[in-house]
Participant: 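Mind looking over this structure? Questions follow.
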Amino acid sequence: MTQAHDCLLIIDFGSQVTQLIARRLRELSVYCEIHPYAKVDDALLDALAPRAVILSGGPASVTDKDSPRAPQRVFELGVPVLGICYGQQVMVEQLGGAVESGHHREFGRAFVEPVHGREDAHIFTGLFAAGREEVWMSHGDRVTALPAGFEVYGRSSGAPCAIIADPSRNFFAVQFHPEVHHTPNGRALLANFTRLAGFRGDWTMGAYREEAIAKIRAQVGDGKVICGLSGGVDSSVAAVLLHEAIGDQLTCVFVDHGLLRAGEAEEVVGMFRDHYNIPLIHADESERFLGALEGVSDPEEKRKTIGRLFIEVFDHHAREVGDAQFLAQGTLYPDVIESVSFAGGPSVTIKSHHNVGGLPEKMGLDLVEPLRELFKDEVRALGRELGLPAHFIGRHPFPGPGLAIRCPGEITRDKLAILRKADAIFIDQIRRHGLYEEIWQAFVAILPVRTVGVMGDGRSYDYACALRAVTSVDGMTADYYPFRHEFLSETANRIVGEVEGINRVTYDITSKPPGTIEWE
Ligand code: XMP
């Protein structure tokens, strides 16, 4: 791995929020990589040649036997190191200080004040304007003896060593989590740290675009590439980037499984084939998918059927391209980061995600993954850089299995048609009220129940539907969106009034967990 950019290495000890450290740094235009502590060896350190290192938090206690440590060489690289929470304790312990299991646990909000005389330290630039900073703590252990060279820079009521530093080596360690939203000025602390380490803020999507294009050209040469286009942001950005790099050596395959939203196929084909002139195979395979799904109501069976057919169909159409050697995928950095697991044991599959895993081996193709180093918000920034329309880049995520998982019970063409109409109205309402950007994802699910209603003077017996709208950062957790009553009643009136087949509208107010975003 050779780095075009200065790299900051994040050593992961298994904190739930390690990814947030990386995201905050990327927002500061600092390139960073997360690696699990057990994988950080001399070869990796040599290859990355990090300009600075951050030790993440983690669930272990350094007082436990066999608890994780950083390679000692990290402290001998001569580069700045920042320890966060468990990372602070690791640092103290490895450098000759002492940590005790806490008698005083501290969770949640706390206030840190600078030690007298330290207010002007570089690491504090822009901080403590109000005399103290709100921070988010989550620890049971605490530092009881500092390693040689360290001094206390900041304290809170529960953490006498909330911020410690050895300024001669640019080693810093904090007991709280600067990366989380609940530490409002944490970003300034991280910015000061990267500035002290000499980062130039050279990680921008403009620069990335040029490098990615050069890399794609070097990998692909004059070979042919196929790319599965779903209409989602990731595969779209990957396709436009690839097209810029290799032109007509790229062919996109868009599989229409008959489970798309109203107008979706036309929009995708119109944009890629007609606007960008990207060679595109539009495979209308709705009969095949809907036929195979007839009578299937079990959610996992639906997902598996769609996944299997998708691979078959994609494979078939991709072969039409002829001698393609490469398959492009919109894999993102969060899919690549190896996580540190302390729980042990196999994790439970909640839902079988639809992807084209297994395809490259089956087809004997090499993978091109030009977005592998990026977080979702960076992919959006790259999309803007590449000139993709704003409304396309800002689209809510749409799952691979499409409307199938928004139609609990058996899928029929009638139900899909009703669902499409109701969904289009809901999204139209959200856009009209200027709420689309605030909401992470919104859709309608058609429920497998018919209910009695009264329409005009007559009795109706039609489907009920559920509106779902959530706020989220990454889809891992989510909360329902708190619409105003007026919005909900206006939307329900429109759906019942305009969509034949629905006579009742409900609003799903479940968060994730315990619910999931999709209904299946
Ligand atoms: P859940 O329902 O698991 O969804 O809370 C979390 C996010 O993932 C999307 N999702 C999928 N995306 N293939 C995808 O590409 C899938 O099989 C799939 N299932 C769920 C979902 O829309 C939400 O954004």
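We count ligands from 1, going down the list as the structure has it; atoms in each ligand are counted the same way.
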Participant: Classify the angle between the aromatic ring planes of F254 and H282 as parallel (below 30°), tilted (30 to 60°) or perpendicular (above 60°).
Facilitator: tilted
Participant: Please tell me whether T451 and N503 have a donor and an acceptor in their side chains that are separated by less than 3.5 angstrom.
Facilitator: yes
Participant: Identify, by atom number and element, the atoms of ligand 1 in contact range of T516, meaning under 4.0 Å from any of its heavy atoms.
Facilitator: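 Listed by number with element, the hits are 1 (P), 2 (O), 5 (O).
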Participant: Determine whether the side chain, the backbone, both or neither of P401 has a heavy atom under 4.0 Å from any heavy atom of ligand 1.
Facilitator: side chain
Participant: Going by distance alone, is a donor N or O of one side chain under 3.5 Å from an acceptor N or O of the other, for T18 and D12?
Facilitator: yes
Participant: Near R303, which atoms of ligand 1 are under 4.0 Å from a heavy atom of that residue?
Facilitator: 16 (C), 17 (O), 18 (C), 19 (N), 20 (C)
Participant: Can you tell me if D222 has over 12 outside heavy atoms packed within less than 6.0 Å of its CG?
Facilitator: no
Participant: Taking NZ, NE, NH1 and NH2 as the nitrogens, is one of them in E179 or R24 under 4.0 Å from a carboxylate oxygen of the other?
Facilitator: no
Participant: Please verify whether a non-hydrogen atom of E520 lies at under 4.0 Å from ligand 1.
Facilitator: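 Flag not set, E520 not near ligand 1.
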Participant: Have a look at ligand 1 and work out which part of W440, if any, has a heavy atom under 4.0 Å from it: side chain, backbone, both or neither.
Facilitator: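 For W440, the contact with ligand 1 is made by the side chain alone.
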Participant: Could you list the atoms of ligand 1 found under 4.0 angstrom from a heavy atom of P399?
Facilitator: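 With P399 as reference, the close atoms of ligand 1 come out as 10 (N), 11 (C), 12 (N), 14 (C), 18 (C), 22 (O).
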Participant: With heavy atoms of K512 as the reference, note each atom of ligand 1 found under 4.0 Å away.
Facilitator: 1 (P), 3 (O), 5 (O), 6 (C)
Participant: Does an N or O anywhere in F398 fall below 3.5 Å from an N or O of ligand 1?
Facilitator: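 In fact, backbone or side chain, F398 has no N or O that close.
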Participant: Does one side chain, of E134 or H182, offer a donor that lies under 3.5 Å from an acceptor on the other?
Facilitator: no
